[in-house]
Every structure is written in structure tokens, then in C-alpha cells.
Q: 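Handing you a structure now.
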Number of protein chains: 2
Amino acid sequence: MELDERKKKILKAVIRNYLETGEPVGSRTISKYTDLNLSSATIRNEMADLEEMGYILQPHTSAGRIPSDQGYRFYVDTMMEEKDREFVELKEMLLERQDKMETLLKQVAKVVAQNTQYAAMISAPSMHRNKVKFIQLSRLNPEQLLAVIVVEGNVIKNNIIPIADEISDENLLKLNILLNTQLNGLTMEEINLGIIAALKQQAGVHGSLIGEVIDAVGDAIKADDDPEIYTSGTNNIFRYPELTDNGKASELVGTFEEKQQLGSLIQESLETDPGTGIQVYIGDEAPIKSMKDCSVVTATYELGEGMKGTIGIVGPKRMDYDKVIGTLRTIQSKLDELYKKE
Amino acid sequence: MELDERKKKILKAVIRNYLETGEPVGSRTISKYTDLNLSSATIRNEMADLEEMGYILQPHTSAGRIPSDQGYRFYVDTMMEEKDREFVELKEMLLERQDKMETLLKQVAKVVAQNTQYAAMISAPSMHRNKVKFIQLSRLNPEQLLAVIVVEGNVIKNNIIPIADEISDENLLKLNILLNTQLNGLTMEEINLGIIAALKQQAGVHGSLIGEVIDAVGDAIKADDDPEIYTSGTNNIFRYPELTDNGKASELVGTFEEKQQLGSLIQESLETDPGTGIQVYIGDEAPIKSMKDCSVVTATYELGEGMKGTIGIVGPKRMDYDKVIGTLRTIQSKLDELYKKE
DNA sequence: GTTAGCACTCAACTCGAAGGAGTGCTAACA
DNA sequence: TGTTAGCACTCCTTCGAGTTGAGTGCTAAC
């Protein structure tokens, strides 16, 4: 069977109506509120076809229809083609350039959650491809060095390095100069074994120390120990019974608090980014099983070169995709603006 | 009317039973399961008295009794007097000395939540009374300095300071020496206007810079911008219907995510610490209105000198106070041990 | 191909009866 | 005087029956 123009119209009408009301949609409603001028009986026939094709389904025999995951997928896909999403006016939007990345991210998450009334999450930009701007080793006490690493985007990382042998002030200074001249401007990916070996050689007596320091620098930059993710508006999920009935709320709240799993979703989204930076996961499409009744819309943002992170909005499958995508577009561009001034 | 020994026994029996079952307790249950050897009728009379005195109440006419807030308060108070809580064996306890405070705190919160099956929160130790161990200013670029401040407990803070006038390498070095010699070993509270003025004078040309730096140091140390609080096991609240019915879950989840309000609770707990470090807030006693159906048990912990923080456990009023208090005691002492080795 | 009409289905709601846990009160008992 | 047995009463909870209404599928006519 083919999805002809009329079927498409009816399918879209069903979905739109369901998004608005959250109730199963009957044939009569469609017949009345569309410009198709068809009787409910005709609609019924078409709807039976659409059900057979898997786009919609009935919760029970004598109920209206609701979109299936496949239906939502169709809707989102055609919606994405049709028009370039217009940007959405954000309420209470106050994004200021922050020295502290953390503050900015929390702000963004909050703004997004408040505007959409869904749950929002945001990941700190990954810094693998970030250039090292500044490295400094200082002596905290005879047994410990403090490593401070600043990478592009003014993200600062610290690490305390225990050292076996003492090191003189003079040597420490040399080491600092060495590190800065050799590593400055490199990305973490570029700091490979060859460079490390060369460094060790040049460091001479303190060659063994170099290894520790490089490890510390690596640690500091990758920050993988714990995916830095901020959430906001988790409690918005309580607006949607389909997400909170039957103890589902507990699982979701857990997922949002633990953040571990959110990381995998963000990873996935970064890897499969199509180009617009916006992706929609419906139900099982997301790699998190507690979100099987949710839809997730993710957007990749970029703060300067190579600083990529992901914003995600989690809501019920019947979320207002249009608005959500618009909001994310707006945020994307605002963030872009914000960091272009750098 | 007086609360004689028998009434106390009955009251405790009612509460203990209710804590176990979560169901209103009838006179017959008490008569059967206590060693009082009284008939249910007698118990009924006593229970009527206890109700009149405000210790217990009836959800409806023909139901058993449940403890009132006043009843819980009595129970907790006598329980605290009676015996020194014994320490509780913790499951999956693995606290390692962490360089990163953050990791340690998250660990603690998780362990506590998992062991008690309630929601847990923990605040980073306040650093107002912490001694400055190390200060360093470095030049990031001509317009920005990077201030790194390490305080006792190896907590590292960074701050980027924009500067108006350029500063020579030599002067920067002098400034660093000045800052370290003058501020080292002082607590934030001790760095007062007098010291700042003296510093400015000594800094000479860069006097104005000193002000900025001190502010940055202050900023870095107080970290009040956002109370650093970590939570774990928020979803445990879903185990208790009385906390999640009627949309209460949403409020609570919000409170836990926003953390703002948790800060006030932790503040309150630090200020009114009696000495044991353990406090119990029942219902309205806690300064957070979304927790009016909860009990909160807080414990002050200390990591080395002056590094005080608070752990809190939030659960239903019918929480297992005995176990919760025991768990907190255990954590308190483990943390103490951990940092005594310093 | 479209539509009107009709029988059918099924969730949701209402209502009342039955069940049961627990109380308060009274009167008898030690 | 304190304790207890007994009983009537209350009120929540559960369950099933009946009702309603939205919506469907099918058929026959247009």
C-alpha cells in the first residue's frame, strides 16, 4: 500500500491533534477540523489503512488512534524537510559570557527547560580537540607539584602530582618552559608518544617526571572520569502522566541524577550528527532504556573551534517538536554569537 | 495529663510499629505484641489520652493511630538519649582519599543513599576558615591573569582576572612573592581590610591590581555563588507513597535538582549544631516547605581543621531513624579517619 | 469512491452493597 | 479504681453491576 497525499494529510492531522490534546483522535474530529471535506466514514477507512501500515495505533478497540513511533518518525522527518524552523523568542533569556563555563551551561539548561517545559540537559564541550594555551607546574610542598592547565575557551584544569624525587627551583622553571614551548598550541590528540618521548629526552634528569606530568595533563584535559553534564527541569516530566505512571518516574529521575547514561546519549548524538546539529530520537531510538516512552531532541553546539557539546531536551513522545527544535536552533545561534566575540 | 511510663511504652510501640508497617496501628496490635499484658480496651483508653495530648492521631474515625510530628519528636528525642547509637556496617563502602574533593563527596552521597534507601545530599566543606596554602598569579595573555589558589585540604580554585595595565614579568614575580608571604597560612576571615591596605601599599605601582586579586581570591575561596551540593538517590523517594502522592514528587525532585533550597537547610544545620553533629528535622521543622512530609537527618562532618560540611538524609517521617543516625555516625568517623592521616 | 446508518466494543464513571478494621462507650468484674 | 468483654457504630476499601459515550467496522446505498 502506498502513502498517498491524502493519507499523509490525515496522518499529520491525527498527529498534530494528538500532540495538542494528548487524547486518542477519532475519525469524526479529523473530518470536522480539516479542509479535506470527507465524512468520518471515509476517514475511518483511511485510518484503518494507516493502522495497517503501522503509522498509528489504537490503545483499545473502541478508542481513537494515536501515533506509533513510526508515525512520529514520519512526522518529524517531513517536518524537518518542509521548512527551515524559525527561531523562537526565548523568555527570560540572559546568557552572558561567563568566565566559568559551568555557570553558563547551567544557565542554558535552565533557560531551555523553562522555555520548553520539558527536561533539559547539557554537556560541557569536549576538549579533546582543544588546544593547550598554558601549562604551569608549581611546587606545593616537597612531595607534591600542582599542575595547572588552561585550554582554549579558558577552561582551567588542576591536578596534584605526587613526585618521588625532589626538584630544584631552577629545574622546575626549565621544565615549565619546556612544557609550554613544546605543548602550547597542540591539541590533546596531537600529543602523541613521539612528542612525549622527545620531551622526556629533553627533560634529562627529570625524564621520569615528564611521564607523570603528561599523564596529569591528559587526565586534566579529558575529564572523562565523570561526564560533565548539567540538567534542569527534571521535574517537568511530572507534567506528562505517560512518563510518570507505573513507577516510570523513578527510573527517569534516576537517569537524570546519575548522568552516566545521559553521557552515552550525548556521545551517540555527537557521533551521528548529520550537519544541522539537530537530531530526534523517538522512543527506543535513544540508547537509554528508561527513555523508551520519551522523545529526545539533541542539538550540537559549538563554542569556538572544536569545543563541541550537546544540549538535549527530553519529553514525552507527544512533545511539541516544532517548538523544541526552534528553541534549540535559537540557543545554538545565541551560543555561537556569544563566542564569536572572543 | 501526664505522660507516665505506660503511656510512653504504648506511644513507642505505636511509633515503632508504624515505622515498620507504614499502616495505622490499632489497639489490638499493641495489646498482642507488647509485654504490657493489657487488653485492647485498656490500650484504647490510653491511646485516646495520647491523642488528646497530641502525640498520635487518627487519619479517620475508624482507623488506627499514626504518630503526629510531636510523637516523632518525642520518639527521636528519647531515642537519642537512651543509647549511644552503635555504628552501622556499610555496604559497598569504598572511600578512598581523593585528591578531588568532588569525587569523594559524590562517593559519600552515593554510599549513604544506597545504604539507607533514602535520598542523600552532601555539601562541600565551607572554606571560610580554611588556610591559604599557596597562591600564584600567572599571565595568560597581556590582558588576563590566572589566579590559582590552593587552600588546606588541597582544594584548588581558579579565577581569571582581567587587568587594565600591563605588568612586567619581574613585577609579577614580586607580586607572587608578596602574596604568598603575606597571605600564606591566613584564613579568609583573617584577610581583612587592614591586611589588604598593607598589601596595596607594598605592591606600589600595582596597588590597584592587588584589590582585584584579593577579590578574586575571595571569590575563589567562598564559592558561595552556588552552594556546592551533591545529591544521590533522589529516586528513593518513590519508595514512599506519602512523599510522591498528589504531585508532591515533582516538588521534591525540583528541590533536589535546584539545590538552592538545600543550601538553606545545610546552613541551618551548621548553625544550630548541638555538638554531636547530628540533628533531626521532622516535617515543618526543616526550613524547606516542599519537605513538610519528610524528615531530614543531618550530620556535620569535619575534614581536618575547620573544613566543615553537612550530610543530609531525606526520607519519609516514618524513616528508620535508628539506622539513619547509625549510618551517619559511621560516615562521620570514616571521614574523620580518612583525613587524620594527612 | 464516498457516505449514511447501524450494531458493536470497551474504557470510564457511578452507585450501592458487602466486608472489615478499628473505635468509643457501657457495664461487669477483680 | 483500674481493667476488660461486648456491642453498636463509623468509615475506608473493594468489588461488581449498570450506564454512558466515544469511537469503530461493516454494509448498503448513492
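A quick note: this is a predicted structure, and the numbers were derived from the prediction, not measured. Protein chains get the first letters and strands the later ones, always in sequence-line order, with residue 1 at the start of each.
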Q: Just N and O in the side chain of B:R6: are any of them under 4.0 Å from OP1 or OP2 of D:dT3?
A: yes
Q: Is it the case that the side chains of A:S39 and A:T42 hold a donor-acceptor pair, with the cut-off being a distance below 3.5 Å and no angle test?
A: yes
Q: Within the 3.5 Å criterion, strictly below it, is a donor on B:S40 or B:S31 matched to an acceptor on the partner's side chain?
A: no
Q: What integer distance in Å separates B:E23:CD from C:dT23:P?
A: 14 Å
Q: Just compare D:dT4, C:dT3, C:dG24 and give me whichever is closest to any side-chain atom of B:T42.
A: D:dT4
Q: For the side chain of B:H60, counting heavy atoms from C-beta on, which of D:dT4, D:dG25, D:dC12 is nearest?
A: D:dC12
Q: Take the protein atom CD of B:Q58 and the nucleotide atom P of C:dG22, then report the distance between them rounded to whole Å.
A: 11 Å
Q: What is the base-pairing partner of D:dA29, counting Watson-Crick and G-U wobble geometry with both distances under 3.5 Å?
A: C:dT2
Q: For a quick test of reading the model: is some side-chain N or O of A:S62 closer than 4.0 Å to OP1 or OP2 of C:dC10?
A: no
Q: Under 4.0 Å between any heavy atoms, over every strand shown, what does A:A41 touch: base, sugar-phosphate, or nothing? Just pick one.
A: base
Q: Can you tell me the distance, in whole Å, between the CZ atom of A:R28 and the P atom of D:dG21?
A: 14 Å
Q: Across all strands shown, which nucleotide pairs with C:dC13 by Watson-Crick or G-U wobble geometry, both distances under 3.5 Å?
A: D:dG18
Q: Are side-chain N/O atoms of A:S27 and A:R44 paired as donor and acceptor at under 3.5 Å?
A: yes
Q: How long is the line joining CG of A:L57 and P of D:dT24, in whole Å?
A: 13 Å
Q: Rounded to whole angstroms, how far apart are CG on B:N17 and P on C:dG22?
A: 10 Å
Q: Please compare B:P59 and B:E46 by the position of their nearest nucleotide in DNA chain D and report the one closer to 5'.
A: B:E46
Q: With a cut-off of less than 4.0 Å, is there a side-chain N or O of A:T61 near OP1 or OP2 of C:dC10?
A: yes
Q: Rounded to whole angstroms, how far apart are CG on B:N45 and P on D:dA5?
A: 13 Å
Q: Using whole Å, what does the distance between atom P of nucleotide D:dC26 and atom CD of A:E51 come to?
A: 12 Å
Q: Distance only, no hydrogens: is a donor on one side chain within 3.5 Å (strictly under) of an acceptor on the other, for A:T231 and B:E257?
A: yes
Q: Measure the distance from CD1 on A:I43 to P on D:dT24 and round it to the nearest whole Å.
A: 10 Å
Q: May I ask you to test the A:I288-A:Q261 pair for a side-chain heavy-atom distance under 4.5 Å?
A: yes
Q: Kindly say if B:R65 contacts the phosphate of C:dG24, meaning a side-chain N or O under 4.0 Å from OP1 or OP2.
A: yes
Q: Tell me what A:S27 touches on the nucleic acid: a base, only sugar-phosphate, or nothing, going by heavy atoms under 4.0 Å.
A: sugar-phosphate
Q: Of all the nucleotides listed (D:dT4, C:dT2, C:dG5), which has the minimum atom distance to the side chain of A:L38?
A: C:dT2
